[in-house]
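Note sheet for the following structure.
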Amino acid sequence: MNAAPLLEIEGLVVRYRTGRRTPPVVACDGVDLSIDAGEIAGLVGESGSGKSTVAAAVLGLAPVAAGTIRFRGEDITHVSGARRRALAQHVQVVFQDPFGSLSPRRTVGQTLSEPLEVHRRLGRAERAARASAMLERVGLSATAVDRRPAELSGGQRQRVAIARALILEPELIVCDEALSALDLSVQAQVLNLLQELQRDLGVSYLFIAHDMAVVRHLARRVTVMRRGVVVERGDAQQLWDAPQHPYTRALLAAIPDPDPAAQRRRRQAREPGTTDDLPRAQAR
Amino acid sequence: MIGAALRRPALTVALGFLVLVTIACVGAPLWVPTDPLQQDLGAILQPPSSAHLLGTDGLGRDVLSRLASGGRVTLLGALEAVVVFLALGVPLGLLAGYHAGRFDTVTTRVAEVLLSVPAIIFLLVVVAVFPASQLATMITLGVLGTPNVFRVVRGSARAASQELYVRAAQTVGLTSGQVLRRHIAPALSGPIIVQTSLFAATAVMTDSALAFLGFSVQPPQPSWGGMIAEASAVIDADPWLLVPPGVLIALVVLALGILGDGVRDLAARSVASVERPRRRPRRAAPAAPRAPGPSAGPPALLSLHGVTVAFPAPHGEVTVVRDVALDVCEGQAVGIVGESGCGKSVVARAVLGLLPGGARLTDGSIRFDGRELAGRSERELGRVLGAHGRELARRSERELGRVRGAQIGFVPQDPIATLDPAFTVGQQLTEVVRRHRGGSRPGARARAVALLAMVDLPDPEQVVRRYPHQLSGGMAQRVGIALALAGEPKLLIADEPTTALDMTVQAEVLGLLRDLRERLGMAIVLITHDWGVLADVCDDAVVMYAGEVVEVAPVQSLFAASLHPYTRALIASNPLLARAGEPLPAIPGQVPAPGAWPAGCHFVPRCPLAVPACSGELVALGGPGGAHRTRCLRHEELAPR
């Protein structure tokens with residue numbers, strides 16, 4: 001077992017400039033997070049909590065003002081160009097929106113073989129074979145290589161997005177609300193798939209979501225963010241059973257329970273006045 | 001793509017014409033009857049004849065031969081200009097659009113300067129410096145035209161680079177060049193094609209104009225513009241000479257325009273067409289077993305019975321919702337729960353009379369407060385009733401509008417989208433209040449403030465002055481609810497009212513809905529995909545699957561003792577109820593699209609309990625009786641012992 005964590009984020013600060021005169025928006029303010037090899041780490045928060053900014057920073061898509069991000073001990077906070085592109089072999093992403101994340105003009109096969117074209121010296125036939133194999137691995141028919149995204153359902157598209165993330169055999173996949181846009185029955189299918197892939201391939205996930213119930217189901221350790229700051233972290237089940245921070249308690253109490261009787265109890269136990277409902281102009 | 005092009009006659013004709021002209025001009029030396037420079041002073045200004053198909057000019061030269069040879073010059077010039085135009089404009093536009101920053105600023109400013117330069121003067125200067133050099137003038141024309149394509153490409157590239165799939169490509173490790181070439185450039189083909197064809201037409205015109213002025217190839221070499229100049233010199237003697245070059249130039253320009261438009265449409269369609277593979281559309285089956293009518297008890301406020309809705313499809317119609325029954329009593333909260341594509345929103349829209357274009361109620365009745373709302377479209381009634389009836393129908397349409405606006409309130413999923421960004425919350429709410437109740441503006445305004453207070457917005461006096469963008473998601477949804485309450489409705493229909501909100505805000509808005517129902521005695525129909533939301537607000541619910549109501553029961557019974565395998569499986573796949581770390585009991589497969597519904601029970605292909613009998617007849621909504629009804633043949637085996 002490797003002692004050093006796979007991904008280590010320390011004191012991450014991200015600021016977005018909004019205009020010349022307005023002060024910058026601090027999306028992340030001193031976030032610490034670490035993920036061990038083969039771990040599923042949960043990151044929970046509501047809109048404006050900065051959870052997606054953490055994902056963007058890991059992928060090199062956010063302006064990091066302070067702090068460090070280390071991947072297998074290497075400082076990747078500010079790398080760009082060739083090294084960042086090479087990192088793509090180790091760190092991949094699955095976005096929330098399965099309708100936007102696949103190019104509508106490319107077939108599934110083209111989308112899947114693109115990472116191989118860039119990073120692996122493989123012949124066309126070998127690339128196609130790997131794309132087909134990966135499609136079957138994520139529960140789609142290999143004949144789907146010739147389809148375009150418009151011909152697929154939301155769940156199927158998300159499977160393609162997962163296949164694209166996996167095809168380079170990365171060590172870490174950032175799942176940014178990867179299940180939120182899916183229907184309940186499809187969400188269960190994809191959630192099982194993610195879990196199974198993690199078990200079989202030993203890949204780690206940074207699993208970002210607003211739904212505490214999904215995160216608890218997948219992750220061992222959970223970090224809760226609010227307004228750019230980590231408010232609580234800990235073992236997923238412990239956090240679920242005995243949240244310490246008032247915000248975590250409010251977040252858990254707000255999850256509606258499908259059991260009407262249980263939901264009635266939840267409602268009564270809820271503490272009022274802990275929401276983050278900011279006007280849009282402010283919330284960004 | 002070629003097949004699609006052939007189905008568009010205008011495009012086919014334009015393309016064919018341009019190909020023909022190009023071949024004829026390029027191959028002119030091979031086929032023209034006489035040398036275009038060969039004079040025959042014995043046969044000047046002759047009308048068309050078998051020897052000279054388009055006649056001869058003032059020096060007795062064959063017009064057809066000159067037209068074909070001149071076309072080589074003109075088309076070559078246009079080609080030069082287009083090549084420069086594309087070679088400069090497209091790459092610069094792509095780079096400027098993709099890499100915002102200094103490069104973008106500089107190139108955009110240069111483009112603006114170029115656009116403000118009067119092209120013809122610039123061209124004349126170039127002509128003066130490089131006399132009679134068509135290449136120089138056409139390159140200049142290409143450069144001067146570049147800002148047009150540059151600005152279009154830059155704008156489209158900027159938009160395309162915000163797409164999620166471009167971000168995904170970056171994280172896969174593609175270089176900027178690869179991202180531009182593979183993912184951004186293909187998205188721009190439409191606007192580029194349009195700009196190119198427009199510019200090619202401009203180039204043909206400009207080249208002809210310059211030749212007309214004598215600044216292109218020199219006589220006696222033919223060119224289209226030069227031929228017009230020659231014709232205008234003898235216009236009194238022979239007006240015909242003007243026709244061949246004039247008509248040809250006009251036709252080429254027209255064809256280029258049609259070509260650009262048509263190809264752009266084709267390119268857009270080949271991407272946008274999301275036509276799912278549809279089997280033969282099924283007609284609404286009138287013989288199908290109907291759900292039993294409303295059971296005895298208090299008369300329902302809203303009662304749907306056998307509601308069937310069809311949408312237009314490429315071949316006829318496709319039924320998206322069939323045989324929906326639903327009863328809502330006064331003050332009752334009923335949920336419609338199901339996954340996307342099951343038809344729950346269609347049912348709500350049918351009640352509201354807001355079915356999208358082309359969709360229609362093919363069967364069934366919708367009664368609200370004792371009045372029939374179904375099938376009362378003005379046109380349909382008018383056809384049956386004649387002139388007098390049409391007036392009646394129009395009146396009833398107005399009446400329907402009143403019922404639907406005032407007595408049934410509607411809360412959409414995204415209230416921001418339904419609010420006009422140009423007006424304050426107060427202005428919009430006041431207008432709705434006045435439409436329902438009339439009265440003075442100050443009175444309506446006071447009522448608006450009272451409504452905002454009713455939905456628990458703190459400081460309503462301040463909220464009325466805000467614009468929609470100054471509201472948070474939760475506040476906007478409260479304003480949306482206030483708008484729905486303006487007519488003091490007996491029934492509120494809320495379509496996924498909290499799906500776009502954060503969990504904690506959702507909890508508050510749901511609390512508000514419960515509270516309003518209690519205070520105002522209002523009935524609620526809540527459409528949701530979330531079983532937790534259902535449990536929080538509703539007493540009773542209908543579960544929909546693939547266009548059908550599959551189960552009707554009190555929410556508690558649905559949760560604890562469902563009598564339909566779909567309901568059971570869906571509840572079981574909720575991660576909240578599962579044991580952490582273990583695989584969720586997911587339902588295999590996916591919801592069939594309308595038009596691809598299986599015979600018999602729609603859930604058969606995914607059902608663990610399916611037996612051959614399930615695939616036979618359509619299953620009716622039945623069950624043990626009482627308030628619990630299910631559309632499952634084997635429900636007795638599901639019942640608790």
Side-chain angles (χ1 to χ4, degrees), chain A residues 46-47 59 61 85-89 92-93 95 97 100-105 114-115 118-119 150-151 153 155 161 164 183-186 188-189 191-192 195-196 210-211 213-214 216-217 236-237 250-251 253-261 263 267 270 274-281 283, chain B residues 163-165 167-175 178 182-183 186-187 271 273-274 276-277 339-340 469-475 502-508 510-511 529-536 555-556 559-560 569-571 573-578 580-581 583-588 590:
Chain A
E46 304 199 293
S47 52
L59 298 166
L61 299 171
R85 289 196 292 277
L87 268 176
Q89 300 178 55
Q92 274 299 318
V93 62
F95 290 109
D97 176 13
S101 68
L102 301 177
S103 175
R105 286 167 195 81
E114 185 160 56
V118 176
H119 293 288
E151 301 167 53
S153 71
R164 171 175 60 192
D183 269 319
L184 195 55
S185 69
V186 182
Q189 292 173 0
L191 200 149
N192 285 345
Q195 213 164 29
E196 190 187 311
H210 68 277
D211 187 344
V214 173
R216 176 197 67 137
H217 191 79
Q237 194 59 45
L251 204 59
I255 302 171
D257 195 305
D259 179 352
Q263 175 58 19
R267 213 153 58 209
R270 203 178 288 153
T274 28
T275 62
D276 265 340
D277 195 22
L278 306 172
R280 286 178 185 219
Chain B
E163 296 277 357
L164 202 52
Y165 61 81
R167 216 173 180 193
Q170 289 165 342
T171 55
V172 157
L174 269 62
T175 61
Q178 285 167 324
R182 291 153 175 253
H183 293 277
V271 172
S273 64
V274 194
R276 286 165 187 275
E339 298 181 276
S340 52
H469 73 272
Q470 295 169 313
L471 303 174
S472 70
M475 288 167 83
D502 275 329
M503 288 264 185
T504 50
V505 183
Q506 162 173 294
E508 291 178 358
L510 294 179
H529 67 280
D530 186 328
W531 286 82
V533 169
L534 183 79
D536 197 29
V555 175
Q556 181 64 47
F559 177 76
L570 199 57
I571 291 176
S573 65
N574 194 323
L576 193 70
L577 306 172
L584 290 171
I587 309 174
Q590 52 184 319

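Hydrogens, waters and symmetry mates are skipped; everything else that's a heavy atom, side chains included, is used. Since we're looking at a predicted model, the values are computed, not measured. Naming convention: chains lettered A, B, ... in sequence-line order (proteins, then strands); numbering from 1 in each chain.
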Original post:
Does the side chain of B:Trp531 come within less than 4.5 Å of B:Leu577's, by heavy atoms?
Top reply: no
**OP:** Please state whether the side chain, the backbone, both or neither of A:Glu196 comes within less than 4.5 Å of a heavy atom of chain B.
**Re:** neither
Subject >> Contacting region of A:Leu61 [heavy-atom separation from chain B under 4.5 Å] >> reply: both
Subject >> Heavy-atom side-chain proximity of A:Val118 to A:Arg85 below 4.5 angstrom >> reply: no
Original post:
Sub-3.5 Å donor-acceptor pair from the side chain of A:Asn192 to the main-chain atoms of B:Pro583, do we have one?
Top reply: no
**OP:** Would you mind reporting whether A:Pro256 and B:Met503 have side-chain heavy atoms less than 4.5 Å apart?
**Re:** yes
Original post:
Hey, are the side chains of A:Arg267 and B:Asp536 touching, using non-hydrogen atoms and a 4.5 Å cut-off?
Top reply: yes
Original post:
Using non-hydrogen atoms only, which part of A:Asp259 is less than 4.5 Å away from chain B: side chain, backbone, both, or neither?
Top reply: both
Original post:
So, B:Asp530 side chain and B:Gly532 main chain: donor-acceptor pair closer than 3.5 Å or not?
Top reply: yes
Subject >> Region of B:Tyr165 in contact with chain A, defined by heavy-atom distances below 4.5 Å >> reply: both
Subject >> Part of B:Leu576 lying under 4.5 Å from any heavy atom of chain A >> reply: both
Subject >> Region of B:Ala187 in contact with chain A, defined by heavy-atom distances below 4.5 Å >> reply: both
Original post:
Which of the residues A:Ser101, A:Gly155, A:Ala261, A:Ala86 is involved in the greatest number of heavy-atom pairs with chain B at under 4.5 angstrom?
Top reply: A:Ser101
Subject >> Residues which pass salt bridge (charged side-chain N to carboxylate O under 4.0 Å, His left out) with B:Arg167, listed by chain and number, not counting sequence neighbours >> reply: none
Original post:
So which part of A:Gln92 gets closer than 4.5 Å to some heavy atom of chain B, the side chain, the backbone, both or neither?
Top reply: side chain
Subject >> Selection from A:Ala88, A:Ser103, A:Ala188, A:Pro115 maximising heavy-atom pairs under 4.5 Å formed with chain B >> reply: A:Ser103
Subject >> Counterpart residues, side chain to side chain contact (heavy atoms under 4.5 Å, CB included), relative to B:Arg182 (two or more places apart) >> reply: A:Arg106, A:Glu114, A:Glu117, B:Leu174, B:Gln178
Subject >> Most chain B-contacting option - heavy-atom pairs closer than 4.5 Å, from A:Leu59, A:Val186, A:Leu102, A:Leu251 >> reply: A:Leu102
Subject >> Residue B:Gln506 versus chain A: region with a heavy atom under 4.5 Å >> reply: side chain
